[in-house]
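Beneath this line is the structure, given in structure tokens, with notes to follow.
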Amino acid sequence: MGRRSRGRFVDGVLLLDKDTGMSSNFALQRVKRFFDANKAGHTGALDPLATGMLPICLGEATKFSQHLLDADKRYLVTAKLGQRTDTSDSDGEVVQTREIDFTQAQLDTALEYFRGKTMQVPSMYSALKYQGQPLYKYAREGIEVPREARPINVFELNFISLEGDELTLDIHCSKGTYIRTITDDLGEMLGCGAHVIMLRRTQVAGYPYDNMVSLAQLEALVNKVEEESLTLSEVLDPLLLPMDTSVSGFKEINVSDDIAPFLMNGNPVQVANLPVDELVRITLGEERKFVGVGQMNDDGLLAPKRLIVLRTDSDE
């Protein structure tokens with residue numbers, strides 16, 4: 001029987017090592033096609049210039065992708081000093097060139113300014129929307145629109161190296177932090193200007209760096225499937241992390257088998273040790289099978305918020 005046009009049911013999280021020069025959506029569609037997945041979504045876009053960790057959620061895992069959008073991120077960034085561009089990265093046009101003249105002490109002082117909780121005005125070349133349109137669309141037309149400063153938190157900002165006019169930093173930050181904006185602001189504080197020439201995301205939440213795979217590696221595996229008459233589930237699916245890894249930091253609430261059917265039909269159920277005002281990770285029975293997330297309702301019961309579809313082997 002031929003491949004179903006809707007794709008196959010496959011659930012999990014792939015840690016893609018995105019190549020430079022491609023959009024996150026292009027990378028997502030390639031992964032979806034390689035896996036022949038019926039549903040896929042990414043968890044926070046990387047600029048075409050950027051490389052590194054782009055978690056791709058397949059199947060039922062897409063229901064929990066928001067929690068990875070909200071997760072902390074870590075980046076390795078190299079800035080070219082002495083030049084400011086209109087996009088704050090090397091894809092833009094140089095708008096100002098200045099001499100580089102600062103001391104290590106001045107650099108250390110400037111870096112300290114960005115550590116901790118601050119307010120950041122997003123770049124015009126971001127995907128944030130204004131009146132329904134992404135900011136970068138206005139920017140490409142030369143239109144500047146008002147942007148409100150947003151709270152961010154830089155948990156770590158580590159100096160890695162300064163070689164010639166290239167400064168490399170390691171940044172661990174909260175969601176919504178624009179590394180290009182930090183780079184541009186830092187360049188202005190140093191009086192020389194700066195823009196991003198290399199940006200690599202090295203971590204999302206607690207996902208391991210070593211588990212990333214590239215599109216080239218996936219393509220090679222798909223070719224192996226075809227050449228050796230194997231199946232995608234045999235060759236590609238072992239690369240997937242469990243779908244509940246996106247909510248692994250949530251408290252687990254285990255529901256007994258006798259009340260599981262009520263919960264899976266969307267009904268609140270009584271459980272012990274349910275925290276107040278917190279999303280929890282729900283598992284069923286002795287097997288502790290992950291089925292979704294929930295939260296205490298006004299009656300003190302566990303109310304399901306997002307549940308997966310439990311499929312049988314015949315659905316595969």
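- Side chains of Cys57 and Phe64 form no contact here, defined as non-hydrogen atoms less than 4.5 Å apart.
- Defined by atom type and a distance below 3.5 Å, a donor-acceptor pair is present between the side-chain atoms of Arg200 and Thr51.
- Residue Val77 forms a side chain to side chain contact (heavy atoms under 4.5 Å, CB included) with just one option from Ile182, Thr183, Ile197, Leu167, and that option is Thr183.
- Hydrophobic clustering (side-chain heavy atoms under 4.5 Å, transitive across Ile, Leu, Val, Met, Phe, Trp, Tyr) keeps Tyr75 apart from Phe155.
- Between Arg201 and Lys73, the closest side-chain pair of non-hydrogen atoms falls below 4.5 Å.
- Residues Val309 and Val10 do not share a hydrophobic cluster, clusters being chains of Ile/Leu/Val/Met/Phe/Trp/Tyr side chains in contact below 4.5 Å.
- Interatomic distance, CG of Asn38 versus CZ of Phe9, reported as 5.5 Å (0.5 Å rounding).
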**Request:** Please assess Arg8 against Asp237 for the test salt bridge (charged side-chain N to carboxylate O under 4.0 Å, His left out), listing each intermediate value before the final yes or no.
**Result:** CA-CA 12 Å; Arg8 65 190 182 102; Asp237 292 5; 2.6 Å; yes
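- Side-chain contact between Lys305 and Leu279: present, with at least one pair of heavy atoms (C-beta onward) separated by less than 4.5 Å.
- Partners of Thr78 according to the side chain to side chain donor-acceptor pair (under 3.5 Å) rule, which considers only residues two or more places apart in sequence or in another chain, are Thr168.
- Ion pairing of Glu156 with Arg115 is absent here, as no side-chain N (NZ or NE/NH1/NH2) approaches a carboxylate O to less than 4.0 Å.
- With hydrogens and angles disregarded, no donor-acceptor distance shorter than 3.5 Å links the side chain of Glu188 to the backbone of Asp185.
- The heavy-atom pair separating Lys63 from Leu307 by the smallest distance is NZ-O, 2.8 Å.
- Contact check for Leu310 versus Met264: side-chain heavy atoms found under the 4.5 Å cut-off.
- Counted within 6.0 Å of CD on Glu99, heavy atoms from surrounding residues, nucleotides or ligands total 12 or fewer; the atom is thus considered open.
- Heavy atoms from other residues, nucleotides or ligands lying under 6.0 Å from CD of Glu228 number more than 12.
- Between the side chains of Asn25 and Ser23, not a single donor N or O lies within less than 3.5 Å of an accepting N or O.
- Heavy atoms from other residues, nucleotides or ligands lying under 6.0 Å from CZ of Phe159 number more than 12.
- With 3.5 Å as the limit, one finds a donor-acceptor pair spanning the side chains of Asp70 and Gln66.
- You'll find the side chain of Asp101 stays beyond 4.5 Å of the side chain of Leu190, heavy atoms only.
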- prompt: side-chain hydrogen bond (donor to acceptor under 3.5 Å, both in side chains) between Glu112 and Thr109: does it pass, once the steps are laid out?
  reply: CA-CA 5 Å; Glu112 183 60 33; Thr109 299; over 6 Å; no
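- With 3.5 Å as the limit, one finds a donor-acceptor pair spanning the side chains of Gln96 and Arg98.
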- prompt: How far apart are the C-alpha atoms of Phe250 and Asp244, what are their side-chain angles, what is the distance that settles it, and do they pass the side-chain contact (heavy atoms from CB on, under 4.5 Å) test?
  reply: CA-CA 10 Å; Phe250 293 7; Asp244 64 333; over 6 Å; no
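- The closest side-chain heavy-atom distance from Val225 to Thr231 is not below 4.5 Å.
- Closest heavy-atom contact between Tyr113 and Thr118: O-CG2, 3.8 Å.
- Criterion: ILVMFWY side-chain heavy atoms under 4.5 Å apart, direct or through other members. Under it, Ile152 and Met119 are not part of a common hydrophobic cluster.
- Using a cutoff of 4.0 Å between basic side-chain nitrogens and carboxylate oxygens, Lys175 and Asp72 are not scored as salt-bridged.
- Across all non-hydrogen atoms, the minimal contact from Leu58 to Ala37 is CD2-CB, 4.1 Å.
- None of Ile179, Asn158, Leu162, Leu186 except one satisfies the side chain to side chain contact (heavy atoms under 4.5 Å, CB included) rule with Leu169; the exception is Leu186.
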query = Would Arg147 and Glu144 count as a salt bridge (charged side-chain N to carboxylate O under 4.0 Å, His left out) if you check the C-alpha gap in whole Å, the side-chain angles of each, and the deciding distance to 0.1 Å?
reply = CA-CA 9 Å; Arg147 292 102 68 203; Glu144 182 105 1; 2.7 Å; yes
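- The two atoms that bring Phe34 and Leu232 nearest to each other are O-CD2, 3.6 Å, heavy atoms only.
- Taken from NZ in Lys224 to OG in Ser229, the straight-line distance is 12.5 Å, to the nearest 0.5 Å.
- Without hydrogens or angle criteria, Asn265 side chain to Asn267 main chain gives no donor-acceptor distance under 3.5 Å.
- Interatomic distance, Asp165 CG to Lys80 NZ, rounded to the nearest 0.5 Å: 3.5 Å.
- Between the CD atom of Glu219 and the CZ atom of Arg33 there is a distance of 9.5 Å, given to the nearest 0.5 Å.
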Would you be so kind as to tabulate the donor-acceptor pairs closer than 3.5 Å made by side chains of residues 282-302, with sequence neighbours excluded?
{"from": "Thr283", "atom 1": "OG1", "to": "Glu252", "atom 2": "OE2", "distance (Å)": "2.6"}
{"from": "Thr283", "atom 1": "OG1", "to": "Asn254", "atom 2": "ND2", "distance (Å)": "2.9"}
{"from": "Arg288", "atom 1": "NE", "to": "Glu252", "atom 2": "OE2", "distance (Å)": "2.9"}
{"from": "Arg288", "atom 1": "NH2", "to": "Glu252", "atom 2": "OE2", "distance (Å)": "3.4"}
{"from": "Asn297", "atom 1": "OD1", "to": "Asp299", "atom 2": "N", "distance (Å)": "2.9"}
{"from": "Asn297", "atom 1": "OD1", "to": "Gly300", "atom 2": "N", "distance (Å)": "3.1"}
{"from": "Asn297", "atom 1": "OD1", "to": "Leu301", "atom 2": "N", "distance (Å)": "2.9"}

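- Residues Arg150 and Tyr178 have side chains in contact (heavy-atom distance under 4.5 Å, counting atoms from C-beta outward).
- Counting side-chain heavy-atom gaps under 4.5 Å among Ile, Leu, Val, Met, Phe, Trp and Tyr, the cluster of Val13 also holds Leu15, Met53, Leu68, Val204, Tyr207, Tyr209, Met212, Leu241.
- Grouped with Leu69 in a hydrophobic cluster is no other residue, since no side-chain heavy-atom contact under 4.5 Å to another Ile, Leu, Val, Met, Phe, Trp or Tyr is found.
- With respect to Asp47 and Lys18, no salt bridge is recorded, no charged nitrogen being found less than 4.0 Å from a carboxylate O.
- Distance check: Gln29 CD to Met22 CE gives 12.5 Å after rounding to the nearest 0.5 Å.
- Cluster membership check: Val94 does not share its hydrophobic cluster with Leu49, using side-chain heavy-atom separations under 4.5 Å among Ile, Leu, Val, Met, Phe, Trp and Tyr.
- Listed for the Thr87 side chain is a donor-acceptor partner under 3.5 Å among the backbone atoms of Gly92.
- Closest approach of Ala194 and Ala79 over heavy atoms only: CB-CB, 4.4 Å.
- Phe114 and Val121 are assigned to two separate hydrophobic clusters, defined by single-linkage of ILVMFWY side chains at heavy-atom distances under 4.5 Å.
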- Item | Worked check of side-chain contact (heavy atoms from CB on, under 4.5 Å) between Leu215 and Leu16 | CA-CA 7 Å; Leu215 287 177; Leu16 181 69; 3.9 Å; yes
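- Not one N or O on the side chain of Asp89 forms a donor-acceptor pair closer than 3.5 Å with the backbone of His195.
- A donor-acceptor pair under 3.5 Å is absent between the side-chain atoms of Glu166 and the main chain of Glu163, judged by distance alone.
- The hydrophobic cluster around Leu76 extends to Ile160, Met198, counting ILVMFWY residues whose side-chain heavy atoms fall within less than 4.5 Å of a member.
- Residues forming a side chain to side chain contact (heavy atoms under 4.5 Å, CB included) with Ser214 (at least two apart in sequence, or on another chain): Ala216, Gln217.
- With rounding to the nearest 0.5 Å, the separation of CD in Glu234 from CG in Leu236 is 10.5 Å.
- Heavy atoms only, all atoms of each residue included: Thr43 and Pro55 are closest at OG1-O, 3.2 Å.
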